[in-house]
Structures are given as C-alpha cells and as structure tokens.
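All remarks here apply to the structure that follows.
So you know, we letter chains A, B, ... as the sequences are listed, proteins then strands, and number each from 1.
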Number of protein chains: 2
Amino acid sequence: MSATIARKRISESTIHRLSLYYRTLSLLEKENYETVSSKELAKREKLTPAQVRKDLSFFGSFGTRGLGYNVNELKLKIESILGIDREWRVALIGVGNIGSALVSYKEFARQGFHIIKLFDNDQRKIGSNHKGIVVSDIKDLEKEVKEANISMVILAVPATVSQYIVDDVVKAGVTAILNFAPVNLRVPPFVHLRNENMSMELEYLSFAMVNNHAPKKPK
Amino acid sequence: MSATIARKRISESTIHRLSLYYRTLSLLEKENYETVSSKELAKREKLTPAQVRKDLSFFGSFGTRGLGYNVNELKLKIESILGIDREWRVALIGVGNIGSALVSYKEFARQGFHIIKLFDNDQRKIGSNHKGIVVSDIKDLEKEVKEANISMVILAVPATVSQYIVDDVVKAGVTAILNFAPVNLRVPPFVHLRNENMSMELEYLSFAMVNNHAPKKPK
DNA sequence: TACTTCTTGTGAACCATTTCACATGACTCC
DNA sequence: GGAGTCATGTGAAATGGTTCACAAGAAGTA
Ligand SMILES: NC(=O)c1ccc[n+]([C@@H]2O[C@H](COP(=O)([O-])OP(=O)(O)OC[C@H]3O[C@@H](n4cnc5c(N)ncnc54)[C@H](O)[C@@H]3O)[C@@H](O)[C@H]2O)c1
Ligand SMILES: NC(=O)c1ccc[n+]([C@@H]2O[C@H](COP(=O)([O-])OP(=O)(O)OC[C@H]3O[C@@H](n4cnc5c(N)ncnc54)[C@H](O)[C@@H]3O)[C@@H](O)[C@H]2O)c1
C-alpha cells in the first residue's frame, strides 16, 4: 500500500504538522539521532504524543513498538507524503521587494521547489539577472510557462493586478499558486490556491496583546 | 459592554477570519457600500453566512435585522477587537532579504504596525538608512528597544541565531514576536510568539497536487 | 522461556468548531 | 397598519479534530 494514498480526507492541520515533523526530523538527522519517539517529537513541537502518532497513522504505520521511529526512514516517508521527494518547477511573478527576497531564499530549493523562471512587466527589470535567472517579460508568460513545464507559481505582484495575472497563469495550465497579495483571488475548482498573509499574523499578535490572551502553543 | 472583552476563549480561526472580514470591509468601504449582509461577506470569503454571524456574535451584535451590517461601523468594531485601532511600535531585526522587503511594505503601517527601529549586526548595514530609518547595532538592542518603547518585534535573522536574539528581545521587555526563521523558538509563557512559515504553504500545495486533493476553500 | 520495559497504533471518548434552523426584529409597500 | 420580505443572532445538532487509554509488539535481561 502506497503511503501517499490517503483513504480519508486529511485535515489541513495534519498536513501543516507533517511539515513541522519534517523540519524537526531533518534536524535530528543532523544531530545523528537514529530513532525518535512520538514523545520526543511532540515535546519539540509542543504537541501531544498522541497527536503525532495519530497524524502519522493516517498514512501507515512507520514506527516500531518499544523503539519509536527511525529518523531517516520517517523523514523519507513524510517527504513522499508531502510530495517534496521530487523536483517542482516553479515560476515567480513580480520581482519586487518580496519577490527578490524569495528568489534568494535557498531553503525552497532544498525542499524541491526550484524557481526556474521569473516574470515582470517592468522594462528595467526584464532581461536583468537574479541569482542566475533572467527576468522574462510577463507578455510571454503563457508561452514560457508551457515551454519550461512549470507546475507551480508564486505570485508577488501588486494586489491590483493579481487577478488578471492569475487568470493568465491558469490559462497557461498551472494548477498550484501561492499568492502573496492581500486579495481573494478567483480560480477554477481544479486549481490549488494558497495565500500567504503576513498582516494576519501581526493582527493575531495585536489581538492577543489587547485581550491579554494567555499565549498558547505558537502556530 | 466593550466589544473587545471576550467572554469565552476565541479560536484562532475566528481571529484569522476577522482579519479577512476587515480587509473586505475596507474594500467595500472604498466601493461606497453602505451596508453588507453576512451572505455577501461570506460569498466574498468563501465561507457560510452562519460562520460570519457566529464569529461576530462572540463580540456583540453589530447588525440590523433585515438590513445587514453597516460597513464602516463594523470595520471600526473589528479594528477595535483586533487591536489595530492604535499605533503599535515595532522593531525589525535582521535587515536582509526578507527584512528589507518588510520595511518597504506600506500595508503594515496602514494597519497600525509602525516599524520604527531596525537592528542588524553587519557593520556594512549598521548606520545605513532604510526608508528613513537608520539601522542600529544589535548590541544596543535592549537599550534602544526600551527607549523607543517598542512592544512588538519582527525577527528576520538566520535560523541559527534566532534563539539568542529572541532571548535578548524578551529581556528587553517585548511580549509579541513574529518570527520568520524556520525554527521552534522557546519563549516564556507570557510572551506571544507567532511563526511565519512560507515553506509550509508550498508543501501544502505540493501535498494537494500529489494527492489530487480536490481544492477546497483557500486558506 | 518468562518477565520487564518501552512505545506504537487505534477505537472510543471527549472537546471544539461549524452548520442548521428558526424566532425575532426592521424596513417597505400598498 | 397589516402583509410580505429580508437578514440577524443564537440555541441545538452535526461534524470534525484531539486526547485518552489500552492491547499488543519489540527488545533486553536473566
Ligand atoms: N513587501 C512585503 O514585505 C510584502 C509583504 C506581504 C505582502 N506583500 C505583497 O506582495 C506583493 C508585492 O509586494 P512588493 O512589496 O514586492 O511590491 P513591489 O512593487 O516591490 O513589487 C511588485 C513587482 O511586480 C511587478 N509587476 C507589477 N505589475 C505587474 C504585471 N502586470 N505583471 C508582472 N509584473 C508586474 C512590478 O514591476 C514589481 O517588480 C503585493 O501584493 C504586496 O501586497 C508584500
Ligand atoms: N528570504 C526569504 O524569502 C525568506 C523566506 C522565508 C523565511 N526566511 C527566513 O528569514 C530569515 C532571514 O532570511 P534572509 O533571506 O533575509 O537572510 P539574510 O541573510 O538576507 O538576512 C539576515 C540578516 O540578519 C542579519 N543578522 C545575522 N546575524 C545577526 C545577529 N546576530 N544580529 C542581528 N542581525 C543579524 C544579517 O546581517 C542579515 O542582514 C531566515 O531565518 C530565513 O530562513 C527568508
């Protein structure tokens, strides 16, 4: 039975926690840990051991009773579940403040997300070189996205133009989009869209401070 | 009764949705809407009308039966609930790729988050000017944070040093931290810590693609 | 082999969040 | 002012997510 074929619908929180486990397992591997228990993993993530075991149990049984999980083995399993055991071909649109920062971010490539195309509509940016990638004209989006076999797009353009660009991106056949603009974008039902909203986290902090909310587990 | 005094513990999802409502209300205001129904608000956020009404009901009753909510009035209420009806004095630590992008981001100030101090440990950056703010030496963190009456910190330093810096930030009396490094930071129980983790959203997209998850409501 | 210790995997119980459904109130129009 | 329409606010029901609790497997010891 393949680990990635999930029977039940898996919750968003479970997937997010898998990301956390993955990061911690990478660390444990560097620290030369051979095995790790759900208890130890939970402690590091400020979760309960039962939560860790339940999350993993949706995808199979990877541990050994009495021993725990083999660190490297579990890491590979999670890689396969999350689909980061392959090379994703990613285009980034909008090489501005945040876009430039993202291009320089090496962690993405380490997890299989390879930004191999950049697009902008600013003549001063088109043709310029960022980390070895030449910025393309947004006008050539459809053609170049198809040619380069891009399957994911990071959108870092002003909110005002995001919807137009997303429409073009969808036309070009891309089905996964990570959007940084603070807008609700419309996409067809077969396209996966996630939003990165930094104001939201600041607002959460603000709410917590004003309401003297006892801080609980950080997100 | 003050709207910000919440009787029950309010869920994280409710607060995040308030952020969404706030953004949409700002938009509706610009579009000269006088009132808005839970139905319309829900449609724009891809939620149910009941969800919208329930979220708001935790804080009071702001609507008019048969009419809906007054756009401006509700916006002000949410501002007060989220605590963004005031000026937050924010310091940003680590003026690198992502740090520079965040300093340039005007949206934060518009929501009351004023970045008024920058810190770095790189001699080439210390003393330089970013958007009118001179970068301070991280060595002076405690002194300057206290002097400037900072109450929130955005942390954009390498993961390897984040814990040390966070310890200093806490020593300086700051109780709200937004961390961009992919690490689990330890803070005392009275400090609010949130993490911004961009890899997580890419990994979610990857998972969704690989598992042919029917895309649902975007985050 | 028998005994102890450790820790998984998982139904069942518990708790939280979302959705339903409807009584209630506000406004409009004849 | 009575009838009709619309949309809120909220208990109650339904759904979904987390934690409990324990049977059972694995390894070590003697
Ligand atoms: N800067 C931040 O820290 C930050 C934080 C959170 C969210 N965001 C969001 O990210 C987006 C980008 O922000 P930024 O600060 O990088 O802005 P920016 O203006 O620096 O960058 C936007 C880039 O998009 C390009 N662009 C504009 N129209 C285009 C088009 N039609 N086709 C292709 N490219 C186009 C511009 O030339 C520019 O290079 C915005 O939606 C912003 O709200 C930014
Ligand atoms: N670049 C991105 O797009 C991106 C995306 C997600 C997360 N992050 C995270 O954000 C953090 C910063 O990333 P970046 O790409 O901006 O890196 P960067 O190296 O460009 O910036 C880091 C900055 O921190 C400063 N710094 C280092 N040690 C310091 C210290 N002890 N005290 C004060 N300042 C110090 C450096 O001088 C530099 O200016 C990292 O943890 C990274 O993982 C970055």
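Straight-line distance from the CD atom of Glu34(A) to the P atom of dA27(D): 13 Å, rounded to whole Å. Whole-Å rounding puts the Leu67(A) CG to dA27(D) C1' distance at 7 Å. In this structure, Arg65(B) atom CZ and dC27(C) atom P are separated by 12 Å, rounded to whole Å. The CD-P distance, from Glu12(B) to dT18(C), rounds to 11 Å in whole Å. The nearest whole Å value for the distance from the CG atom in Leu56(A) to the C1' atom in dT8(C) is 11 Å. Atom-to-atom, CG of Leu41(A) to P of dT7(C) comes out at 13 Å; the value is rounded to the nearest Å. The distance from atom CG of Asp55(B) to atom C1' of dA16(C) is 13 Å, rounded to the nearest whole Å. Rounded to whole Å, atom C1' of dT15(D) lies 13 Å from atom CZ of Arg9(A).
Here the nucleotide nearest the side chain of Thr48(B), chosen from dT18(C), dT8(D), dT19(C), is dT19(C). Comparing dT18(C), dT19(D), dT8(C) by their nearest atom to the side chain of Tyr69(A) picks out dT8(C). Comparing atom distances between the Gln51(A) side chain and each of dG11(D), dT18(D), dG9(C) picks out dT18(D) as nearest. Residue Ser61(A) places its side chain closer to dG9(C) than to any other of dT10(C), dG9(D), dG9(C). Counting only heavy atoms from C-beta on, Arg17(A) has its side chain closest to dT18(D) among dT18(D), dT18(C), dA26(C). Comparing dA12(D), dC20(D), dT17(C) against the side chain of Ala50(A) picks out dC20(D) as the nearest.
Salt bridge Arg44(A)/Glu31(A): present, at least one basic N to carboxylate O contact under 4.0 Å. A salt bridge between Lys75(A) and Glu29(A) is present, with a side-chain N of the basic residue lying under 4.0 Å from a carboxylate O of the acidic one.
Using a 30° and 60° split on the angle between ring planes, Trp88(B) and Phe113(B) fall in the parallel class, below 30°.
Residue contacts for Lys39(A): at a heavy-atom cut-off of 4.0 Å it reaches no nucleic acid atom on any strand shown. If you check every strand for non-hydrogen atoms under 4.0 Å, Thr14(A) touches nothing.
Residues satisfying the side-chain contact (heavy atoms from CB on, under 4.5 Å) criterion with Lys131(B), sequence neighbours excluded, are Val103(B), Ser104(B).
A heavy-atom distance below 4.5 Å is found between the side chains of Phe180(B) and Met198(A).
OP1 or OP2 of dT8(D) lies within a sub-4.0 Å distance of a side-chain N or O belonging to Ser38(B).
Across the interface with DNA chain C, nearest-nucleotide mapping of Gly66(A) and Arg53(A) shows Gly66(A) to be the residue nearer the 5′ end.
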